[in-house]
Amino acid sequence: MLSTILYGPRDIRVEHRDTPKILEPTDAIIRIAVSCVCGSDLWPYRGIQPTKEPTPMGHEYCGVVEDVGSAVKTLKPGQFVIGSFFASDNTCPHCHNGYQTSCQNREFVGGAQAPLLRVPLADGTLVPTPNMPTEDLLPSLLSLSDVMGTGWFAADAANVKHGSTVAVVGDGAVGLLGILSAKIKGAERIIAMSRHVSRQKIARAFGATDIVEERGEAGIERIKEATRGVGADSVLECVGTQESMMQAVRSVRPGGYVGYVGVPHGVELQGEQLFFAHVHLHGGPAPVRRYLPDLIKLVFERQIDPGKVFDREVPLDRVAEAYRAMDERRAIKVLLRP
Ligand SMILES: [Zn+2]
C-alpha cells in the first residue's frame, strides 16, 4: 500500500510499504476513509523536532474496521470507527478519570496517512458511529480524531461556561475549533486573535464576536480594553510558543483559566509571574477519547460542522503538496483521500 514517510526536513515521500497486520490480540486494522495533515506534523517536517529514521506519518483517522485481533470484544469488521492519536485501554485509573492520553498502557498511533492503519487497544480506543456516515459527514468525523477534540479540551480546561468571556490565542484549526467549542459551551463573548482574513471569516462563522489582530503587548492591551481592564475569564492557548503562552497568561483575569493545548516548543514560565497572575493552568495532550461519544452525537445530529476547517483536499499520492500548503500557511488544514 502507499504510505506517507518523512525522511528529513521537508522531505516527505509516498512509498510502497507492507500493509499493517494484527500484531497483538487487542489490535484492529481499519481501512482509512479520510485522513489529514496535523499542525503538529509540521514540527518534524520543518526539522524543529528532528526524526532519527524514516517515519510513517499521520495520527488523525476514521474509517471502517477491516480486521480485529482475537481478544477484541466490542468491535467487528464493517463498523465505522473513530479513535484518538493515543491508543488507550479505557480501563486503567487515568482512563477512568478521563485522561486517556495519560493511559498507563497508552501507545501513539502513527501511520494514518495511508489506506490501512493498525490501532492497538482497539476496544478502548475506537468508538463506533451509530451507523455508516454519509460522505458529507466524513470531514467533521475526521476532525474529532484530534483537532476538534483538542479544541474542545482547550475550552473544557479553560472552564468555559454559560456567559463566559473567552479569548482564543491561535487561528489554526485547533484555535478555530476552540472557538466553536466555546460557543457550544455557551460563551457570551469570544475574542479571536487572528490576522488572516480567511481565518477570521471561519472564526466568525464558528461564533467569534470580536477579532484582535495585534500580538504580544499590543494584543494583551486589546484584550484588556475589550474587557474593561479586567481580562478574559478563559483563555485558550492553541499555539505553543513562548509568545502565545505569555499572551494567554497575561490576558486572563485574576482567578481565570488558561487551557493550553499547543504543543510547547521552548516555552518557559517564571514562578514569580505565575504566582502573581492568580491563574488556573490546565492543558496537555487532549483526552480526545473522553469526548468522542458526545462529539460524534453532535456531528450526526448536524449540530456542529467542525469539518469546515478543511479548506483543501488532495489525494494521498500528492501528500507533499498538502504539507507544503500548510507549511506556507496557504491552507488551514488539508484532507487526504487514500
Ligand atoms: Zn488507560
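First listed ligand is number 1; within each ligand, the first listed atom is number 1. Computed over heavy atoms, backbone and side chain alike; hydrogens, waters and symmetry mates excluded.
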ask   = Is it true that a side-chain atom of D311 and a backbone atom of I332 form a donor plus acceptor pair closer than 3.5 Å?
value = yes
Heavy-atom donor-acceptor pair, T125 side chain to P120 backbone, under 3.5 Å = yes
query = Does any N, O or S atom of H94, backbone or side chain, fall under 2.8 Å from the Zn ion (ligand 1)?
reply = no
key: D89: its N/O/S atom lying closest to the Zn ion (ligand 1) (atom name)   = OD1
query = Is R290 positioned over the aromatic face of Y99, cation under 6.0 angstrom from the ring centre and no more than 45 degrees off axis?
reply = yes
query = Looking at F86, is R289 sitting on its ring face, NZ or CZ under 6.0 Å from the six-membered ring centre and within 45 degrees of the normal?
reply = no
inquiry  = Given the Zn ion (ligand 1) as the apex, I'd like the angle to SG of C103 and SG of C95, rounded to 10 degrees.
reply    = 110°
